[in-house]
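No hydrogens, no waters, no symmetry mates; every other heavy atom, side chains included, goes into these values. As the structure is a computational prediction, the values presented were derived from the model and not from experiment. Note that ligands are numbered from 1 as they come in the structure, with each ligand's atoms numbered from 1 the same way.
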Amino acid sequence: MDFKNKHVLITGASRGIGKATALAFAAQGAKVGVNFKRNHEEAKKTLKELEGKGHRLFQYDVADKTMQEALINDFISVYGTIDVLVNNAGISIDHDIEETDFEEWFAAWENTFQTNLFAAANLSFLAAKQMMTSGGGNIVNVSSRGAFRGEPTKPAYGASKAALNAMTQSLAKRLAPHKIYLGVVAPGFTETDMAAKTLTPVERENLLRESPFKRMAQPEEVAHAILFLASDGAAYSSGSIIDVNGASYLRS
Ligand SMILES: NC(=O)c1ccc[n+]([C@@H]2O[C@H](COP(=O)([O-])OP(=O)(O)OC[C@H]3O[C@@H](n4cnc5c(N)ncnc54)[C@H](OP(=O)(O)O)[C@@H]3O)[C@@H](O)[C@H]2O)c1
């Protein structure tokens, strides 16, 4: 996969899957915009580890409407075009219905959708408008196995990822004539801070016992699927959802 001189913006790239994706794109020649929200130290470390030149940090809260516009404008002012957008930034908030009051429930739904769905929708809109003027591009959205399997204690998370899948597939149809190709990568549990925060030691042990691979995904394995969907040869795969869950949940 060759991304020489492609301009790639990855949201939530200071850590975890986003960081692995930034490293993988840079290794294939891309110039990478590393977006993050607050963890400047980790973002600086990521930037330092990227192969090649021309990468930059973009500190913007993608859940904030004005920052969504500012992020895309800033990226375009630096690179001139946006070739690939990876909507990876995501949050996962526990709001078990047995233990949550209405205020907590309401806030969990609002915050989860702002980050996991509305940010991706709005950044896709803004990036696609740019891509339409420059001959096309690719948008890859990072969803989750939870969209299909259910998320009993985080229903907003499961719903936001299911909506992200539907949005991606709708836009894949609408934007194909503009040579803008969209895809989804749906990971199962992946060794990142998010998984470490979400799982108790007992849950982790159960999960590993039930996994055919007896391990979680590594962020690099998710990044590999993201790069495939953004690569030149994958245009006709637009609208696809790639599961990266080690055969732990097989949907028909
Ligand atoms: N890990 C898993 O098991 C798993 C499984 C399925 C799907 N996923 C999905 O994969 C994606 C990445 O997850 P991860 O595990 O790598 O997460 P992570 O380790 O928690 O890292 C989250 C990243 O997103 C950034 N971020 C969060 N909110 C943001 C905002 N409002 N604006 C800008 N950046 C923001 C963080 O920036 P800061 O460093 O500045 O905080 C960080 O770079 C998410 O969409 C997640 O839902 C993860």
What protein heavy atom is closest to [atom], reported as residue, atom name and distance in Å?
{"atom": "atom 36 (C) of ligand 1", "answer": "Arg15 NH2, 3.6 Å"}
{"atom": "atom 20 (O) of ligand 1", "answer": "Met194 CB, 3.5 Å"}
{"atom": "atom 8 (N) of ligand 1", "answer": "Tyr157 OH, 3.5 Å"}
{"atom": "atom 26 (N) of ligand 1", "answer": "Ala89 CB, 3.9 Å"}
{"atom": "atom 15 (O) of ligand 1", "answer": "Thr192 OG1, 2.5 Å"}
{"atom": "atom 43 (O) of ligand 1", "answer": "Ser14 OG, 2.6 Å"}
{"atom": "atom 45 (O) of ligand 1", "answer": "Asn88 O, 2.7 Å"}
{"atom": "atom 4 (C) of ligand 1", "answer": "Gly188 O, 4.1 Å"}

Just which atoms of ligand 1 are under 4.0 Å from any heavy atom in [X]?
{"X": "Ile17", "result": "10 (O), 16 (O), 48 (C)"}
{"X": "Asp193", "result": "19 (O)"}
{"X": "Val142", "result": "9 (C), 10 (O), 11 (C), 45 (O)"}
{"X": "Tyr60", "result": "32 (N), 33 (C)"}
{"X": "Phe189", "result": "3 (O)"}
{"X": "Asn39", "result": "38 (P), 39 (O), 40 (O)"}
{"X": "Ala13", "result": "43 (O)"}

In terms of relative ring orientation, are Phe36 and His40 parallel, tilted or perpendicular, with 30° and 60° separating the classes? tilted
I would like to know whether His55 and Val34 meet side chain to side chain contact (heavy atoms under 4.5 Å, CB included); could you show each step before the answer? CA-CA 8 Å; His55 316 297; Val34 173; 5.6 Å; no
Please compare Gly90, Ser143, Ala63, Ala20 and report which has the shortest non-hydrogen distance to atom 9 (C) of ligand 1. Ser143
Does NZ or CZ of Arg251 come closer than 6.0 Å to the centre of the six-membered ring of Phe148, within 45° of the ring's axis? yes
Side-chain touch Ile139/Ile180, heavy atoms, less than 4.5 angstrom: yes
What I'd like to find out is whether the side chain of Phe75 reaches to under 4.5 Å of the side chain of His7, using heavy atoms alone. yes
[X] touching ligand 1 at heavy-atom level, < 4.0 angstrom:
{"X": "Ser92", "result": "no"}
{"X": "Lys161", "result": "yes"}
{"X": "Thr11", "result": "no"}

Partners meeting ring pair (Phe, Tyr, Trp, His ring centres under 6.0 Å) with Phe25 (sequence neighbours left out): Phe3
So, are Asp232 and Lys6 salt-bridged, with charged N and O less than 4.0 Å apart? yes
Looking at Glu49, Glu191, Glu220, which one forms a salt bridge (charged side-chain N to carboxylate O under 4.0 Å, His left out) with Lys19? Glu49
If you count every heavy atom of other residues, nucleotides or ligands that lies below 6.0 Å from Lys48 atom NZ, does the total exceed 12? no
NE2/His224: more than 12 non-hydrogen atoms of other groups inside 6.0 Å: no
Report the C-alpha distance between Asn35 and Thr11 in whole Å, list the side-chain angles of each, state the deciding distance to 0.1 Å, and finish with yes or no for side chain to side chain donor-acceptor pair (under 3.5 Å). CA-CA 5 Å; Asn35 162 253; Thr11 68; 4.7 Å; no
Relative to ligand 1, is Asn35 under 4.0 angstrom through side chain, backbone, both or neither, heavy atoms considered? side chain
Decide whether Thr168 and Asn141 meet the rule of one side-chain donor and one side-chain acceptor closer than 3.5 Å. yes
